[in-house]
There are 2 protein chains.
Amino acid sequence: MTKLTVKAIASHFNVSVSTVSKAIHDSHEISDELKRNIREYAKLNNYKPNRVALNLFNRNTKTIGVVIPNILNYFFVQVLYGIEKIADQRGYSIIICSTNESIEKEIKVLDFLSSGTVDGVIISTVLGETGLTNSNEHFSALLDRQIPMVMFDRVIEFIKCDKVMVDDFEAGYLATKYFLDTGCKIVAIINPLGNSYIGRLRIEGYKKALCENGIGPNDKLIVTINYQDDLELTIHSLLDFDKIDGILIFDELTLVKIMDIVQSKGYQIPKDISFIGFTNGELSKYVTPSATTISQHGKFIGESSADKLIDRIEEECDTCNFETRIIKTSLIARESTLKPKEYGKA
Amino acid sequence: MTKLTVKAIASHFNVSVSTVSKAIHDSHEISDELKRNIREYAKLNNYKPNRVALNLFNRNTKTIGVVIPNILNYFFVQVLYGIEKIADQRGYSIIICSTNESIEKEIKVLDFLSSGTVDGVIISTVLGETGLTNSNEHFSALLDRQIPMVMFDRVIEFIKCDKVMVDDFEAGYLATKYFLDTGCKIVAIINPLGNSYIGRLRIEGYKKALCENGIGPNDKLIVTINYQDDLELTIHSLLDFDKIDGILIFDELTLVKIMDIVQSKGYQIPKDISFIGFTNGELSKYVTPSATTISQHGKFIGESSADKLIDRIEEECDTCNFETRIIKTSLIARESTLKPKEYGKA
DNA sequence: CTGTTAGCGCATTCAT
DNA sequence: ATGAATGCGCTAACAG
């Protein structure tokens with residue numbers, strides 16, 4: 001049984017295709033009997049209108065493209081979860097593209113998405129290893145075609161579109177302040193986010209908190225790492241450099257790995273060194289000691305992004321004033337930090 | 001600048017659309033000069049053929065639908081990763097649908113996917129809460145339309161299609177044998193997979209291992225739980241029931257949660273109770289003590305499924321003999337179990 | 001009430 | 001070397 005089309009139904013009943021189409025749409029223009037017959041036949045033979053033809057006709061696809069750097073990262077999965085939820089509610093499907101942190105793949109994927117397959121895209125960009133110069137172009141391909149786009153989390157500052165960002169400045173500030181409030185004196189940062197905007201914001205927040213407490217930031221305490229870097233080595237030289245008692249790490253998995261290494265070196269957490277991470281996932285919760293983290297509310301970011309995008313897709317007039325939503329973070333205190341009241345006890 | 005079409009280019013050059021089409025495809029039928037002009041113009045104005053129109057014309061979409069029960073489950077994310085990798089290599093996109101363990105959503109999603117949006121689907125079904133009677137129908141909708149489908153992991157026995165399964169029988173057997181080899185006497189199972197096929201296979205493997213060692217399986221030691229069940233309660237009554245010294249848990253997150261509870265009750269792992277889980281994710285690796293798990297090789301399952309599906313999509317003749325691939329598991333020994341050689345030491 | 005026509009955007013015969 | 005015509009599957013004006 002090959003796929004049933006209106007044409008096939010039409011020839012079966014010896015009527016025209018438009019009659020069939022109308023009957024299936026329950027038009028009042030068709031006689032009740034014929035309508036009933038056609039609809040019964042359609043149901044019986046499991047007729048389904050071809051979505052592709054409808055897409056072509058309607059000039060929309062009711063699907064949105066989601067581009068993320070790494071599908072194995074729990075933060076992005078949380079966002080995905082939020083996006084999927086809203087998309088489903090509002091009648092959209094999502095097609096997911098993973099760039100694996102490769103700018104080439106990002107370009108390829110965006111090229112694909114700008115060819116009419118989706119009504120809009122939600123994207124978190126790759127870490128800008130290759131300089132920021134040409135990272136503009138592949139986005140303008142989308143934008144030129146008036147395909148709505150919202151960037152989340154890892155946004156590009158100067159691209160004009162809707163954005164959903166974490167309040168990373170505040171997050172850096174809050175975390176650092178928490179270290180200080182729990183008695184830490186020398187706080188380091190491990191940053192696996194390269195020179196990204198959000199990384200810089202977190203660092204600025206960190207510096208502000210330090211300054212407020214009369215501590216001059218020391219750039220040697222801020223170490224940027226790559227995925228392939230040897231964590232053991234970096235943490236080793238970091239701990240050799242100064243008597244660090246607090247480390248802020250921008251990524252959940254890196255946090256857990258480093259806590260592991262540090263403990264195996266004989267340090268006690270949080271007695272000797274306190275830790276705060278990002279992405280409040282299961283890992284942070286169940287590692288020992290459980291990790292204090294900044295929750296970025298990934299699911300909410302996804303929901304907000306999807307809502308904004310679909311609003312933009314469906315709005316009549318395009319008032320071209322783009323919105324940037326800032327999502328507040330929260331600090332989830334667990335065992336990898338001292339308690340504020342324990343301050344001095346240690 | 002609204003989207004550029006062949007028609008627009010044609011009228012710009014005062015030629016026909018077919019000329020433009022041929023020029024863009026670098027046909028030898030078109031004069032070099034005109035061809036050059038048209039192609040330059042197209043490139044300059046960033047022309048891209050409308051994918052939807054192409055899909056309609058070609059009667060395929062070069063995208064595959066992936067249906068998973070829960071996107072927050074690391075196992076499925078691993079599979080997704082594998083699928084995405086192969087799909088990308090072979091020129092396909094993936095559209096991901098999450099059913100959230102709801103049969104209604106599964107039906108809805110499959111209905112959508114059978115309307116021509118994808119060339120094939122890869123699916124892991126929801127846990128069959130609602131009896132197995134009607135779970136047949138929504139699949140036949142797909143199959144009737146000759147849309148290739150491969151089921152992975154949580155497959156349905158009697159559906160005729162390609163399948164990629166874990167060797168769950170062997171997994172249950174291996175895990176149980178490992179418990180026994182490390183000195184455990186009374187091994188329980190916690191099964192969050194309902195009455196699913198794979199759950200039953202694992203249990204059969206477990207029973208075989210017990211029998212081989214002269215232990216009569218006790219069904220009271222096999223407890224099936226739901227997502228909303230109170231883990232604290234179930235583990236409590238389980239431990240009250242008998243002097244259990246080994247627990248096999250079919251899900252990574254449940255494993256970690258239960259290890260947490262058990263430790264807070266004062267038990268030592270693995271001294272008092274050993275644990276083995278499934279899904280070899282970061283969680284199992286970094287929890288304390290690190291968890292011995294059965295790795296199902298999620299990424300490989302994804303790769304295998306995608307390869308099989310695309311083969312099926314692209315094959316000329318459909319030799320309707322479906323294949324069931326069985327993926328071997330491996331046991332990753334960590335700290336939540338005693339070492340085989342430690343046997344008797346404890 | 002039903003059919004004819006046209007078009008969504010593109011590619012592909014077949015004429016010229 | 002170029003164009004006209006046809007069709008992918010469907011819907012919606014507009015006729016009849």
Side-chain angles (χ1 to χ4, degrees), chain A residues 1-39 41-42 45-63 112 114-119 145-147, chain B residues 1-39 41-42 45-63 112 114-119 145-147:
Chain A
M1 175 189 303
T2 176
K3 47 197 128 189
L4 192 58
T5 68
V6 281
K7 187 193 278 182
I9 301 181
S11 77
H12 177 265
F13 283 95
N14 271 317
V15 294
S16 79
V17 289
S18 59
T19 304
V20 174
S21 178
K22 283 172 187 163
I24 283 169
H25 287 270
D26 204 10
S27 163
H28 57 275
E29 292 183 29
I30 307 296
S31 73
D32 283 348
E33 190 180 336
L34 181 56
K35 201 156 71 178
R36 223 188 38 244
N37 287 338
I38 291 181
R39 308 192 88 206
Y41 181 82
N45 294 79
N46 203 4
Y47 168 75
K48 263 183 205 112
N50 181 325
R51 204 89 184 190
V52 177
L54 285 179
N55 290 345
L56 184 59
F57 183 80
N58 295 325
R59 270 100 139 254
N60 73 294
T61 60
K62 287 282 183 185
T63 100
F112 168 74
S114 64
S115 66
T117 35
V118 298
D119 296 347
R145 282 159 201 286
Q146 337 237 124
I147 298 178
Chain B
M1 177 189 301
T2 177
K3 47 196 124 190
L4 191 58
T5 68
V6 280
K7 186 193 280 183
I9 301 181
S11 79
H12 177 264
F13 283 94
N14 270 317
V15 295
S16 79
V17 289
S18 58
T19 304
V20 174
S21 178
K22 284 171 185 163
I24 284 169
H25 286 269
D26 203 12
S27 162
H28 57 275
E29 292 183 29
I30 306 298
S31 72
D32 283 347
E33 188 179 338
L34 181 56
K35 201 155 70 175
R36 222 187 40 244
N37 286 337
I38 290 181
R39 307 191 89 207
Y41 181 82
N45 294 78
N46 203 5
Y47 168 77
K48 262 182 206 114
N50 181 324
R51 205 88 185 193
V52 176
L54 283 179
N55 290 346
L56 185 59
F57 183 80
N58 295 326
R59 271 103 135 244
N60 73 305
T61 61
K62 287 283 186 185
T63 100
F112 168 75
S114 64
S115 65
T117 33
V118 297
D119 294 348
R145 283 156 201 287
Q146 336 237 123
I147 298 177

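All values below come from the heavy atoms of this structure, side chains included, with hydrogens, waters and symmetry mates left out. Below, read A as the first sequence line, B as the second, and so on, with proteins coming before strands; counting in each chain starts at 1.
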Original post:
Closer than 4.0 Å, any side-chain N/O of A:Arg59 to the OP1 or OP2 of C:dG9?
Top reply: yes
**OP:** Report yes if a side-chain nitrogen or oxygen of B:Tyr47 is closer than 4.0 Å to either non-bridging phosphate oxygen (OP1 or OP2) of C:dG9; otherwise report no.
**Re:** no
Original post:
Between atom CZ in B:Arg51 and atom C1' in C:dG9, what is the gap in whole Å?
Top reply: 14 Å
Subject >> Exam field: side chain B:Lys7 to backbone B:Val17, donor-acceptor pair closer than 3.5 Å >> reply: no
Original post:
Which is true for B:Val17 with a 4.0 Å heavy-atom rule: it touches a base, it touches only sugar-phosphate, or it touches nothing?
Top reply: nothing
Original post:
Roughly how far, to the nearest 0.5 Å, is the NE2 atom of A:His12 from the CG atom of A:Asn45?
Top reply: 7.5 Å
Subject >> Residue pair B:Val15 / B:Val20, side-chain heavy-atom distance below 4.5 Å >> reply: yes
Original post:
Choosing from D:dA4, C:dA11, D:dA12, which nucleotide comes nearest the side chain of B:Phe57?
Top reply: C:dA11
Original post:
Whole Å only: how far is the CG atom of A:Asp26 from the P atom of D:dA12?
Top reply: 14 Å
Subject >> Rounded distance in Å - CG (A:Asn55) to C1' (C:dG7) >> reply: 16 Å
Original post:
With a non-hydrogen cut-off below 4.0 angstrom, is B:His25 in contact with a base, only sugar-phosphate, or nothing?
Top reply: sugar-phosphate
**OP:** Round to the nearest Å and state the distance from B:Ile24 atom CD1 to C:dC10 atom C1'.
**Re:** 10 Å
Original post:
Which part of the nucleic acid does B:Val52 contact within heavy-atom distance under 4.0 Å: base, sugar-phosphate only, or nothing?
Top reply: nothing
Original post:
Does a sphere of radius 6.0 Å around CG in B:Asp32 hold more than 12 heavy atoms from other residues, nucleotides or ligands, not counting ones at 6.0 Å or beyond?
Top reply: no
Original post:
Does B:Thr19 make a side-chain N or O approach to OP1 or OP2 of D:dG3 shorter than 4.0 Å?
Top reply: yes
Original post:
Rounded to the nearest 0.5 Å, what separation is found between the CG atom of B:Leu54 and the CG atom of A:Leu56?
Top reply: 10.0 Å
**OP:** Measure the OG-CZ distance between B:Ser115 and B:Arg145 for me, rounded to the nearest 0.5 Å.
**Re:** 8.0 Å
Original post:
Could you give the distance from OG (B:Ser114) to CZ (A:Arg51), rounded to the nearest 0.5 Å?
Top reply: 10.0 Å
Subject >> Positions of residues 5-13 of chain B (non-hydrogen atom under 4.0 Å from DNA chain C), listed by number >> reply: B:Thr5, B:Val6, B:Lys7
**OP:** Nearest whole angstrom, please: distance from the P of C:dG9 to the CG of A:Asn58.
**Re:** 12 Å
**OP:** Please report, rounded to the nearest Å, how far the C1' atom of C:dT12 is from the NE2 atom of B:His28.
**Re:** 13 Å
Original post:
Considering only heavy atoms and no angle criterion, is a donor-acceptor pair shorter than 3.5 Å present between the side chain of A:Ser21 and the base of D:dA12?
Top reply: no
Original post:
Between CD1 of B:Ile24 and CD1 of B:Ile9, what distance do you get to the nearest 0.5 Å?
Top reply: 4.5 Å
Original post:
What is the ring orientation for A:Tyr41 with A:Phe13, classed by angle as parallel under 30°, tilted 30 to 60°, or perpendicular over 60°?
Top reply: perpendicular
Original post:
At under 4.0 Å between heavy atoms, what does A:Leu54 touch on the DNA or RNA strands: base, sugar-phosphate, or nothing?
Top reply: sugar-phosphate
**OP:** Could you state the atom-to-atom distance from CD1 of B:Ile38 to C1' of D:dG3 in whole Å?
**Re:** 13 Å
Original post:
Hey, is the side chain of A:Lys22 pairing donor to acceptor with the base of C:dG3 inside 3.5 Å?
Top reply: yes
Subject >> Pairwise distance CG(B:Asn50) to CZ(A:Arg59) - rounded to 0.5 angstrom >> reply: 10.0 Å
Original post:
Which of these nucleotides, C:dC10, D:dC10, D:dA4, is closest to any side-chain atom of A:Pro49?
Top reply: D:dC10
**OP:** Side chain of B:Leu56 only, please: which of C:dG3, D:dC8, D:dA4 is the nearest?
**Re:** D:dC8
**OP:** Please work out which residues in residues 29-36 of chain A have a non-hydrogen atom less than 4.0 Å from an atom of DNA chain D and list them by number.
**Re:** none
